[in-house]
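Position 1 is the first residue of the sequence, and the numbers go up from there.
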Amino acid sequence: MRPVLVIAFKFPPYSGVGGFRWAKMAKYLARCGREVRVVTVDWEASGPVTLLEDCDSPRLHVHRIGSGFPHNQLLYGDAALRARAVARLRELGGFDEAANWGQTLIPFCQRLIRERGIGVAVATGHPFMANLWAAELKAQTPGLKLVQDFRDLVSSIRINTGASEEYCLELQRRCVEAADVVTVISQGMVWLMREQIPPGNSGKFRVMRNGFDPERLAPLRRGGRPRPASEPLSMCYLGSLGGGRHTVMLTLLRAVDSLVHDGHKVRVRLCGDNHAVVGKEFPHLMEQGVLELSTSMPPDGALRLARECDFGLNVLAPGMTHYLPTKIYDYIGLGVPCLSIGPKGDTSELLEAHDCGVGLPEDEKVIAGRLGEFCRGMPGFGFKGVDALGVDTIAREFNELFSNLEGEGS
């Protein structure tokens, strides 16, 4: 197998969710016997978990180069530093923090391709300018095959950049047209992106979902444990409530409030940093011990919290039909069924297909009715074929894809 080049602006020790996908994918690609060359930037360690241990492999090499932009200030700085970083971004006329990266990225990657005999590159976004620079790299490198990996739609971060929808669609189109294969995290994303690009590119798409790390979750995974009727129905939510998801959580808690009023025992735990609006809306639930708010904690601690609950919670705002949040895979990998509130789509379909959770609409009466049933007795979940949702399985699929692009596949 030839080495593969991974262009990932966000990569450990960057501690946000954006760095997790390819930290895990690179780890398991190396275990497939593939040499992995990651090109990223010089991130400062800022969170409790950096996943640097996933980079500890003789087949995994991480190259850190300059970004041409104060990316650490933008992500981790105080308000004044972030304001200066945003001003610099506007001076560059760029879409995101990778706007100036091409000046160092392209020549560095060209040298690496020559020296290591690399035939396939994969670029992951956001930041989506990394995908655009990868498209330029391919244009300047005869014979290079390119996989464009989209963790979200380009238009999803338009609110943060002030860019027009037309600009976002044009950037996305250029990235897709340059690709040999476009990988996305859900079937819903395939349908949405096919509607946004010119004919002739629809056959490039392939779903490569996120997943849970089986090695990391194995020590935490729980077996079946029926809840005694005397104990409260317990639910745990991990992560932020941005993008309008707080309104869905409020609907869920109104349903919980009505159940408690009727004498049911329920407990809801939220672990994250922007849940103040929930506490202000339901102070009486907090006083009663029904609602507990915790700030963000190291992932293993949060996962242990979820492991002790009947359901891991997920909430989706209207328009998030194509979302498959990473927390869902962690719940499933723990053996904890997921209760997802929001529109039907990829999440509800995955829970149904693998019999590992329940999807409900954002309807207070419907939610209260089903939670009442769960208070009387938890349904059984089969967790059918969930091993296929592990990152190790997805990495093997990527490895096969790379071999096929290189002409080495069966």
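Using a 4.0 Å cut-off between charged nitrogen and carboxylate oxygen, Arg31 and Glu215 count as a salt-bridge pair. Under the 4.0 Å criterion applied to side-chain N and carboxylate O atoms, Glu373 and Arg370 are assigned as salt-bridge partners. Ion pairing between Arg209 and Glu349 fails under the 4.0 Å rule for side-chain N and carboxylate O.
In this structure the side chain of Glu53 never reaches within 4.5 angstrom of the side chain of Arg216, judged on heavy atoms. Considering only heavy atoms from C-beta on, His322 comes within 4.5 Å of Leu153 through its side chain. At a threshold of 4.5 Å between non-hydrogen side-chain atoms, the residues Ile185 and Arg21 count as touching. The side-chain heavy atoms of Arg59 and Val36, taken from C-beta on, include no pair separated by under 4.5 Å.
Under the rule for a ring pair (Phe, Tyr, Trp, His ring centres under 6.0 Å), the partners of Trp22 that lie at least two apart in sequence or sit in another chain are Phe398.
The local environment of NZ in Lys145 is sparse, with at most 12 non-hydrogen atoms from other residues, nucleotides or ligands closer than 6.0 Å. By the neighbour-count criterion of 12 heavy atoms within 6.0 Å, atom CZ of Arg174 is sparsely surrounded, having that number or fewer from other residues, nucleotides or ligands.
Using a 3.5 Å distance cut-off with no hydrogens or angles, the side chains of Asn399 and Tyr28 do not pair a donor with an acceptor. For the residue pair Arg269 / Ser234, no side-chain donor-acceptor distance below 3.5 Å is found, with atom types taken as modelled.
Applying the salt bridge (charged side-chain N to carboxylate O under 4.0 Å, His left out) test to pairs two or more places apart or on separate chains, those with a residue in residues 116-136 are Glu35-Arg116.
Screening Lys204, Lys138, Arg206 against Asp180 for a salt bridge (charged side-chain N to carboxylate O under 4.0 Å, His left out) leaves a single residue, Lys138.
Using cut-offs of 30° and 60° for the angle between ring planes, the Phe9 and Trp101 rings count as perpendicular.
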